[in-house]
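See structure below.
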Amino acid sequence: LGYPGADQHPADEPAWVTVATTRPETYLADTAVAINPHDPRAISLRGLSVKLPLVGRVIPIVEDSYVVLPEAMARNEEEKNDPKAKFATGFLKVTPGHDKNDWELGQRHKLPVINMMSPDGNVSDKHGWTDVGSAHLFVGLSMMDARKKVVAEFKSHGLLESVKPYRQSVTYSDRSKAQVEPYLSDQWYVRVTDPRMAASANAALVADQRTDQSPTRKQGSAHVEAGAPSTSEANGEEDAKGGRTPSLASASGSDGDGSMRFHPDRYAKTFEQWHDNIRDWCISRQLWWGHRIPVWSCELEFEEGGYCADEHACGLASALTRAPNDRLNDSVNKLACVFSTPIDRWQPLLWSPGMETMPEDGKHIVYICLLTDDPSDWCDEIGCPYDVREDLAKNNFVQDPDVLDTWFSSALWPLSTMGWPAPTEETKGLLEAFNPSSTLCTAREIITLWVSRMTMFNRYFTASSGDTPSGLADSATSPACGGGGGVVPFRDVFIHAVIQDGEGQKMSKSLGNGVDPIDIIQTHGSDAMRFTLCTMSTHTQDVKLQVDLICPHTGEVFAPKMVTNKDGYRVPAVIQDSPKDKSKKMVTAYGVASGEVKASAEMPLARNTSSKFDMGRNFANKLWNASRFAVSILEKSKQAETPDTHAGWAAHTDSEDGPDEAAQASWKDVSVVDRWMVSRLATATKEMTRALDEFQFSAYAQTLYDVIWRDFCDWYLEAIKPTVASDARQRTVLWNAMGTLLRLAHPVMPFITEVIYERLKELRMGAGELPWIGLGAPMHQGKATKEGLLCHAGWPQVSSDAVSPEAEAAFARVQALVTAIREVRAQQNVQPKRKVTLNFPASIAAFVTLNQTLVGTLAGIDVFSQGDPKDEGVAFAFEGLQLRVTNLADAVDAGAERARLTKQVADLEKSAATFEGRLANPGYADRAPPAMVQQTRDQLAKVMKDLGAAREALAKLG
RNA sequence: GGGCGCGUAGUUCAGUUGGCUAGAACGCGGCUGUCACAUAGCCGAGGUCACAGGUUCGAGUCCUGUCGCGCCCACCA
């Protein structure tokens, strides 16, 4: 667009500037044309003006480095590569009323601001634009129509230089789909750039989660320099806290600066960076619902000497200002705050003659912010009860029509839910007890929306009163401080992953790919759901969850047929067949959400679930069955047991002296599998405790799963079957093991464990808890009782000697032998019920004899025979020795055996090569830790022995 | 535009200061109606840890780059 010059050019050429724009219609509100000071044309245009066509407004040419230089004038690569440079003319039309960048540029050059638009988005001369000139033809048009007409008019006047295609992003309202037009309006803001807000929030982070920051680019840097004494290097942590002044006693405790931690760590950065770049927070929202902003306003006229023309209104405002006993600085009892324009600073309204800010026309807008509108709060003011709002309305005060941003109210949550600011009988003491709370668990996007605001507000409002005299204190008059003090709202913030659908798409209503927990509980149970979710709760950002359907006809869960919809999303086809009966149909949530189909009696809606939760369901089922089995064993022996027949294991007394010697002595010769189980429980408890402490929920769940299913069910319960009926000590270990497992599982599976516990606690074995073996956590608040719930029971505590590397190693040998035998049996198709014979060499006779019962039970051996009946049965390698399984019933399948051994030899050769290669590396022995080198040598030796045995067996097969 | 995350078995994912002969679940193949559990048990197959460099005695793990996928915030990082 061409703008003709308004003044004569010095060289007698008409001034003429060409601006490039994507929004020509906004020229009606232009108040300047800008040029880059480095533009060579700038000098000759300095001080000149141009005249807007039709409007006739004369506007200045200003210089501002914001203006992009045209490609031809670019001074460096960066400027040249600016995509705008290609289109730039070097002149920028400046429309402060309808563009954010132009607004800021306008502020720099003190340009007037014109609003040419009505709130409904049409060109208007009724909302601040008055110098319409000959531009009437645009008034009333929509912005889009005005755009076309402006271009047409410029063209007809010969002012249109050219039209070029240009690609840019444009914002649209999500709800109305209308294009968003920048528009000036009055809004309320919270000055979160105050160091007591944003900087204080960052100071709340624990020291190791604060990043190194250069003070020059920090918002609160001025305060750091002004308010805080420089700190020594040794005291670097104090420095990182943002220079808190020593007077802030309230923040000196453990819940002030440096006491809030994010999990995982990386989210501290999100939190911190957001505050580093925060801007004042607009809290006005144009919605019909919500907390209405409690500010009333009225334009009042003042006469000479500050005398107010409207006595009633001024009197009211004055009365509120003067609140009883001049409570202006008493934040506790203050009922209202009164202030007036200009609101560049929050200030009390000045009434007295000589008012400094008296505007020329004598008109002030007076604002009254009610800190409470409860009539009973106004008792000692002007009668009781007194509805101040009525009085305000009568005196032409109008309440702001906007409501508070919901996050404003939410930010007060840790305070307001605990009775703040005025505790009632019911809420008394809550704030002290639960602020800070321990852990906030939330999603990523909430870090900025909610976590940040809670932290800022909580710290601000809990700061000592000397620091913040009132919620409306003017920061400019407050003592400088870096942190602002106050306590954090919570000590830990756990940011969990977000569940996406099976295609990696976000779950949403419109895609119908969300899964309702209630539906999962219906298909899988709540314990199963909770456990599975816990397993998925890793420290990654997102997790995929396969979304399946529940057939409304049969209740089956199945994977739906997927299609790609018109927007490119993978969605379930809107109509699905019942998996077993194709004649029965159903509609999907996506089908309904997209409006393509409707549910009916013939085609009901298939609800979503996920087969992912099968894992939790199976696990719960496993725990249930194992418990039933254990309980039945204990019940049987309980019936036969009298209190003093608990032979061999002295009962634990609750004496302070700890376990008696007899008990400890009898513990020493407990069977390998019992000792192993205790050790495994102790190890698992340690791992799980640590995992929970570190918010590693997935690790916790996985360890629980393994110790219950793999160790307890697969090995322990199988191993004790033949002996438990006659071994009272084993039953005690079993009872303790069950109790420990239930306590470990309770947080994720509260219902099933509670039910099992109810029966288990009735079966308390004579010896009860065995604290001296490491399973001694209080079964119920210090001692086992028949009363009480598992949820009251103590968390298992592990004594250091509960873990036995010897027992774990010993049982690992048993497991290795059993597995080797099982492998031979499977390979030879030996019937599971059939008992076979194990032939072993003399060198491991002691080991075999000691564990004969265990191995016999777990591997199906009935005869143990020393020696090697050559050519019979099948040979296999164990610890480098050759053992043999015989009495396999059928003829040995030599082919299967050869295949097995060949594979084994290949695997062992591969391992051997790895270790040999490592040891052959000259640097390895020199530089790796000696223990590491020795370990590799041992591993190689073992592999070589096994390899020898396997080769020998293979050779014998021929 | 900025920030962050992820690419490891057919699939979904673990793998915490580098020590791994890379694990689990589901799925797959074989055997089993067995007395806690078939929502189960036993056995097995299946992986150049996205790609390319680098550091190191040693890299799934640390660094740099490339290529994919995704999330969050957006005139400001």
Side-chain angles (χ1 to χ4, degrees), chain A residues 99-101 103-104 169 171 182 217 264 266-267 269-270 272-279 443-449 497-498 500 502 504-506 524-525 528 532 535-536 538-546 610-612 614-633 690-691 694 696 698-699 701-702 705-706 709-710 713-714 717-718 721 818-819 822-833 858-860 896 900 903 907-908 910-915 917-919 921-929 931-933 935-936 939-940 942-943:
Chain A
D99 184 277
K100 284 178 132 183
N101 293 313
W103 164 262
E104 283 169 12
S169 58
T171 50
R217 55 175 278 275
R266 63 176 179 277
Y267 292 114
K269 195 177 169 191
T270 306
E272 193 178 42
Q273 286 190 346
W274 192 75
H275 288 110
D276 284 347
N277 297 286
I278 201 166
R279 296 206 297 183
R444 273 198 304 294
E445 70 270 22
I446 304 301
I447 295 171
T448 51
L449 288 173
V498 173
Q500 303 172 327
Q505 304 163 144
K506 200 172 183 180
H524 290 83
T532 308
T535 305
M536 296 193 302
T538 62
H539 279 190
T540 53
Q541 288 193 151
D542 311 297
V543 291
K544 273 191 251 182
L545 182 77
Q546 159 80 34
S610 176
S611 54
K612 185 112 179 172
D614 289 358
M615 193 247 284
R617 180 199 59 192
N618 295 354
F619 180 54
N621 185 59
K622 186 73 180 178
L623 176 60
W624 178 253
N625 283 309
S627 305
R628 266 198 317 134
F629 180 54
V631 163
S632 74
I633 290 170
R690 187 172 57 92
E694 293 172 0
Q696 305 269 6
S698 161
Q702 194 58 53
Y705 186 96
D706 287 341
W709 202 318
R710 301 278 87 89
C713 294
D714 288 352
L717 286 183
E718 293 301 327
K721 276 178 181 174
V818 167
T819 303
R822 281 173 175 173
E823 197 179 328
V824 172
R825 293 181 60 121
Q827 196 62 249
Q828 294 297 329
N829 277 323
V830 176
Q831 292 298 301
K833 276 179 181 167
L858 296 168
R900 184 182 73 83
K903 166 107 178 24
D907 287 349
L908 288 167
K910 196 180 152 200
S911 297
T914 304
F915 295 131
R918 189 173 301 169
L919 290 167
N921 184 336
Y924 185 61
D926 297 343
R927 312 178 77 147
M932 189 69 61
V933 179
Q935 184 189 319
T936 306
Q939 284 172 320
L940 178 61
K942 181 179 178 302
V943 164

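All values below come from the heavy atoms of this structure, side chains included, with hydrogens, waters and symmetry mates left out. Letters A, B, ... mirror the listed sequences (proteins, then strands); counts begin at 1.
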Scanning all shown strands, the Watson-Crick or wobble mate of B:A36 with both distances under 3.5 Å is none
By the Watson-Crick or G-U definition, both distances under 3.5 Å, B:G70 is matched with B:C4
Using the C1' atom in both, what is the distance from B:U56 to B:U17, to the nearest Å?
16 Å
Query - Sugar-phosphate, base or nothing in reach of A:S611, heavy atoms under 4.0 Å - result: nothing
Query raised in the report: What nucleic acid atoms does A:P922 come within less than 4.0 Å of, heavy atoms only: base, sugar-phosphate, or nothing?
Result: nothing
Applying the 3.5 Å cut-off to both distances, the Watson-Crick or G-U partner of B:A14 turns out to be none
Considering only atom P, compute the distance from B:U61 to B:A36 and round it to an integer number of Å. 47 Å
Between the CE atom in A:M536 and the CE atom in A:M615, the distance rounded to the nearest 0.5 Å is 8.0 Å
Determine the Euclidean distance between corresponding C1' atoms of B:U32 and B:C37; express it in Å to zero decimal places. 14 Å
Please determine whether any donor N or O and acceptor N or O are separated by less than 3.5 Å between the side chain of A:Q696 and the base of B:U16. yes
### Task
Show your working on side-chain contact (heavy atoms from CB on, under 4.5 Å) between A:I278 and A:H275 and close with a plain yes or no.
CA-CA 5 Å; A:I278 201 166; A:H275 288 110; 4.1 Å; yes
A:R690 meets the salt bridge (charged side-chain N to carboxylate O under 4.0 Å, His left out) criterion, sequence neighbours left out, with A:E694
Worksheet item: Any side-chain heavy atom of A:R822 sitting closer than 4.5 Å to one from A:L858?
Response: yes
The residue, A:A925 or A:Q831, whose nearest nucleotide of RNA chain B is more 5′ is A:Q831
Practice task
Rounded to whole angstrom, note down the C1' distance from B:U16 over to B:G1.
Solution key: 34 Å
**Message:** Rounding to an integer number of angstrom, what distance separates B:G47 and B:U12 when you compare their C1' atoms?
**Reply:** 15 Å
Worksheet item: Does any non-hydrogen side-chain atom of A:S627 lie less than 4.5 Å from one of A:W624?
Response: no
For B:A59, the nucleotide meeting Watson-Crick or G-U wobble distances (both under 3.5 Å) is none
From the candidates B:G19, B:C72, B:G70, the one with an atom nearest any side-chain atom of A:M932 is B:G19
Query raised in the report: Does OP1 or OP2 of B:A14 have a side-chain N or O of A:T540 closer than 4.0 Å?
Result: yes
Q.
Once you apply a heavy-atom cut-off of 4.0 Å, does A:N921 come out as touching a base, just sugar-phosphate, or nothing?
A. sugar-phosphate
* Asked: When the C1' atoms of B:A24 and B:A9 are considered, how many whole Å apart are they?
  -> 11 Å
*asked:* For the C1' atoms, the ones on B:C20 and on B:C42, what distance do you get once it is rounded to whole angstrom?
replied: 27 Å
As its Watson-Crick or G-U partner within any shown strand, both distances under 3.5 Å, B:U64 has B:A52
Between the base of B:C76 and the side chain of A:R279, is one N or O donor paired with an acceptor at under 3.5 angstrom? yes
Quick tally for nucleotides 34-48 of chain B: nucleotides whose base has a protein heavy atom under 4.0 Å get B, sugar-phosphate-only ones S, the rest -, giving B-BB-BSSSSSS---
| request: Find out whether the Lys NZ or Arg CZ of A:K942 is both under 6.0 angstrom from the six-membered ring centre of A:F915 and within 45° of the ring's axis. | output: no
Scanning all shown strands, the Watson-Crick or wobble mate of B:C28 with both distances under 3.5 Å is B:G44
Say we look at B:U66 and B:G46: how far apart would their P atoms be, to the nearest angstrom? 37 Å
